Structure formats: structure tokens, C-alpha cells
K.L.:
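The structure is given below, and queries will be raised subsequently.
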Amino acid sequence: MSSEVERSGGAEPVNSDEDLKKLEADFRNLQEEAQTLINDRAHLESEVRNLKKRANRLDEEVKSMRNPPLIIGTLQDVLDSDRAIVRSSNGTVFQVSLNQRIDPSKLQPGTRVALNQDTLAIIEVLHDAWDPMVSGAEMVEKPEVTYGEVAGLDEQIEAVREAIELPLTSPELFAKVGIQAPKGILLVGPPGCGKTLLAKAVANFTDATFIRMVGSELAQKYIGEGGRMVRELFSLAKEKSPSIIFLDEIDAIGAKRLDGSTSGDREVQRTLMQLLAELDGFDSLENVKIIAATNRPDILDDALLRPGRFDRVIEIPMPDEKARSAILSLHIKKMNTKRINVQRIVELTEGYSGAELKATCVEAGMFAIREKRDSIAQSDIIGAVKRINSKRSKGGISSTPEALYG
Ligand code: ATP
């Protein structure tokens, strides 16, 4: 008995030393785990915020789709505090009732107003002129993106240069040969693979103004308003020429016409007709080119693809192995890195879009920043790939790095 006590008493200091080390190691591990959980929580919170914002936006969209489209008119005269005379955009003159919530001082003859389609009551006072910035258009005098920043799309760059750049820089070639230059091209492919980037690069090379408009912005709730926006978009492009109109998500206004459509659908079709009229109405050698983009080419109306409209379709596919290597190398080159094996990352990122590859690089940079390092290691990129994979499997991945980081 006493020898047992002695034995265990003699061994105790060794054990407690080991225990202490083990405890310290456990503590460090737990601390790291806690830090990772805190980081994850911050990430998830920002993702929840983003998703809430998106859900609100979609709610608004659904609400506006449910409402019948409004009629646009110009106020001719205010008869008294309840009634006014309005000329609608198709020329009919109505006597309408005034909405008491609208400030009477805003109701001057010549003001543009929106009327309820059924009751003809004035619903709201509209801006005098379409302001492209308010309506979701983006205009840049000369974007900063160059062809060098578009990786893995060499063939597509060549095709775009021939169809858009050449007519802008050397229109005389087409005139001499006696052929019509293309007016526009259609870029087709999944989100985040470089369609916008490519359109911006052509605008940069040709010193053209870049005007981006999203199709859903043109699918307006006001009768006649979508068509008016299309007209003004083209007249803005002519005023700022040389210019490139980048019409993103063209499927929002260019989908095949269906029978039995709602009044909202009919309004979208009117907007499409206006777009077709604008496309047909300008000369192919005018300094305005149109690049449209969609990831749903299957639903597009054939009328858009006729000769003289979007007669060239260029596919911008998901990056294959070679393209992923080019995109990763391009983004990695801009970062401070240590011994990165790009080929290994290419293998791990099968099925990633260009935007997701960029997001991987940004995420890897965040790993380094969190650990207070100033260079990115291979393990950071592998960690970033794992994180992005887990977001993809939860269905929460977005193709833009902005959306990833809120
Ligand atoms: P969407 O259909 O969602 O508008 P998109 O195809 O227009 O997508 P971009 O906006 O061009 O995609 O790409 C988003 C970002 O992803 C770019 O700003 C760029 O950082 C990166 N990216 C995408 N494709 C490429 C590429 N081929 N080369 C380099 N970077 C790319």
C-alpha cells in the first residue's frame, strides 16, 4: 500500500506537467475554434442580411407585377381641387380625379403623371425626364477594364473585337467592301463568367461610353414607359457616341410571346417592339453598338435574332480547366502570395464561374488578414475553396464576391 502511494506520488509531477501541456494545447485549440465560430457567425449574419434585402426586393417586384400597369399622361389643366384634365401618352384626353395625398403645388400643366388603369385617378407625379441613373442604368465615360483583365476567353474576345470594335474603329473597311457591319451581338452564358467584363473591355479599347441597362428595369409597370425608356436609352447612346449599350438580362423583355398573357406581359411586349424598332431604325455604321446578354437564350423571341439585329451570338461558357487556370493566375498575380500551386487549385475548382474563382481569391485573402499575415499561402486558398464549396452545397452561394461579403 505504502509503496503504491510512493510510486504514484513519484510519478505525479511528470503526469501533471504533461496534463498541463495537454490542457494548454486543448485551450489553444478551443480558442481557435471559438475564433472560427465567431468569424463564421459574422459571415452568416452578413449573408442573412443580404438574403433579407434580396427577399424584400423580390417581394416588391412581385407586388408591382400583381398591380395592373399604370397609364402615363401629361397634365393639361387642374379644374378644381378634385378634378383635372390629362392627355394620355396615346393622345386620348381624360377628365380624371385628383389624389388628395398629392401636393397640389406639384400639379402644374405639363407635369407627367401616372394614372390608375381602371379608375383613371392620378396615382403619382413622375419625374420630368427619364434620369438614367435613377432608372438603374449605369453610365461610364470610359470603363477601366482592359482586354488583359478578361482571362480564358481568347476566342470570344476575338469574335467581339471583330463584330463591335472593328466597325467602331474602321467603319471605312465595311463601307469599301460594301457589307453591313453588325449592329449588335448577343453574349450567352451562365452568370459570373465575364460577359459584363468583356463588354466593358471593348468600350475601354474603343474609347466608347459604356451604358449598362438591365432588362428587368425596362419591364415597367407604366403603360408606354418601358418603350419611352428604350427610346431615351438609344438617344442617350447617340448623344454620347461612340458608345456601347450593354443590355443585361435581355430575356426580361425579350422572351417569346405567349398567348393569353396579362396586361403586364403585353406592356413588356410593347417594350420589346420598341427595342426592335430602335435596332432597325439606326444605321449600322452609326457609332452606337449594342451588346446584349442573357443566360436564358432558349426563351428569347426569334425576332431578336434576325439579321440586322443580334445576328451574332457568342457563347461565354463556364471556364474549363485552361480558363480556370488563366482566371486564377490573373487574380493571384494581383495578390501578395507565397508558393501557390495554381494547377492544384484548378483541379479543386471544377464547375466554378469566373466570379466564384475571384471570390475564392478574396476569401483566401480574408483568411490571411484574420491571422494577421500579409501574404496568402496555398492553405488559405484551399480553405477558401472548402468554404465556398460548403456555401454552394447549402445553396447560399452567390456568383458575385460583393454578395459574398455583404
Ligand atoms: P452576370 O450575368 O451575373 O451579369 P457576367 O457574366 O456579366 O455575370 P461579370 O460581371 O463579367 O459576369 O463577372 C463578375 C466578376 O467575376 C468580374 O468582375 C471578375 O472579377 C470576375 N470574372 C468573371 N469572369 C472572369 C474572367 N473570364 N476573367 C477574369 N475575371 C472574371
Side-chain angles (χ1 to χ4, degrees), residues 50 54 57 136-138 140 143-161 164 184-205 210-218 244-254 290-300 310 313-335 342 345-346 349-366 381 384-385 388 391-392 397-405:
N50 280 330
R54 241 183 95 194
R57 266 204 309 272
E138 171 196 351
V140 191
E144 281 175 4
V145 179
T146 60
Y147 288 126
E149 280 160 74
V150 187
L153 292 173
D154 297 347
E155 268 174 40
Q156 288 83 348
I157 292 179
E158 274 320 303
V160 173
R161 292 188 77 162
I164 300 290
I185 55 169
L186 179 66
L187 302 181
V188 168
C193 291
K195 297 188 287 296
T196 313
L197 217 54
L198 189 48
K200 282 189 174 168
V202 195
N204 168 291
F205 192 87
F210 176 82
I211 306 171
R212 175 174 182 265
M213 186 80 208
V214 184
S216 50
E217 292 286 343
L218 292 173
I244 289 176
I245 299 178
F246 180 62
L247 201 45
D248 209 355
E249 296 173 22
I250 192 173
D251 44 282
I253 54 162
I290 305 135
I291 302 182
T294 182
N295 50 13
R296 295 291 318 272
D298 51 315
I299 61 165
L300 282 191
F310 296 107
V313 178
I314 299 172
E315 200 188 334
I316 311 286
M318 280 299 254
D320 61 8
E321 213 177 298
K322 200 166 143 229
R324 290 205 299 284
S325 171
I327 297 172
L328 281 166
S329 303
L330 180 92
H331 292 296
I332 287 174
K333 205 169 65 191
K334 294 184 202 153
M335 310 188 305
V342 175
I345 305 157
V346 167
T349 51
E350 166 100 55
Y352 273 41
S353 68
E356 284 169 335
L357 292 171
K358 160 106 183 264
T360 305
C361 295
V362 177
E363 181 85 58
M366 292 305 294
I381 307 202
V385 170
I388 290 196
K391 286 190 182 184
R392 287 172 126 222
I397 186 90
S398 163
S399 56
T400 62
E402 291 75 10
L404 270 174
Y405 297 107

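Here the structure is a predicted model, which means the values were calculated and not measured. Atoms within each ligand, like the ligands themselves, are counted from 1 in listed order. Note that the numbering runs from 1 along the sequence shown for the chain.
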K.L.:
Mind checking whether Leu197 has an N or O less than 3.5 Å away from an N or O of ligand 1?
P.N.:
yes
K.L.:
Just go through His331, Glu249, Lys358, Glu356 and tell me whose heavy atom is the nearest to atom 30 (N) of ligand 1.
P.N.:
His331
K.L.:
Atoms of ligand 1 less than 4.0 Å from Glu149 heavy atoms?
P.N.:
28 (N), 29 (C)
K.L.:
Relative to atom 3 (O) of ligand 1, which among Ala323, Ala151, Pro191, Ala293 owns the nearest non-hydrogen atom?
P.N.:
Pro191
K.L.:
May I ask you to list the atoms of ligand 1 that are less than 4.0 angstrom from any heavy atom of Leu153?
P.N.:
27 (N)
K.L.:
List the atom of Lys195, the atom of Ile316, and the distance in Å for their closest heavy-atom pair.
P.N.:
CG-CG1, 3.9 Å
K.L.:
Quick check: does Thr196 get an N/O under 3.5 Å from an N/O on ligand 1?
P.N.:
yes
K.L.:
Any side-chain to backbone donor/acceptor pair from Glu356 onto Ser353? Under 3.5 Å, distance only.
P.N.:
yes
K.L.:
Do Leu328 and Leu357 come close enough that some side-chain heavy atom pair is under 4.5 Å?
P.N.:
yes
K.L.:
Does some side-chain heavy atom of Phe210 sit less than 4.5 Å from a side-chain heavy atom of Val202?
P.N.:
no
K.L.:
Short N/O distance, under 3.5 Å, between Cys193 and ligand 1?
P.N.:
yes
K.L.:
Which pair of heavy atoms, one from Asn295 and one from Gly189, lies closest together, and at what distance?
P.N.:
CB-O, 3.1 Å
K.L.:
With the side chain counted from C-beta on, respond yes when Ile327 and Tyr352 share a heavy-atom pair under 4.5 Å apart, and no when they do not.
P.N.:
no
K.L.:
Does any part of the side chain of Pro319, heavy atoms only, come nearer than 4.5 Å to the side chain of Cys193, both counted from C-beta?
P.N.:
yes
K.L.:
My understanding is that we take every heavy atom of each candidate and find the minimum distance to atom 8 (O) of ligand 1. Doing that for Gly192, Gly194, Cys361, Ser353, which one comes out nearest?
P.N.:
Gly192
K.L.:
Of all the atoms in ligand 1, which lie at a distance below 4.0 Å from a heavy atom belonging to Asp248?
P.N.:
4 (O)
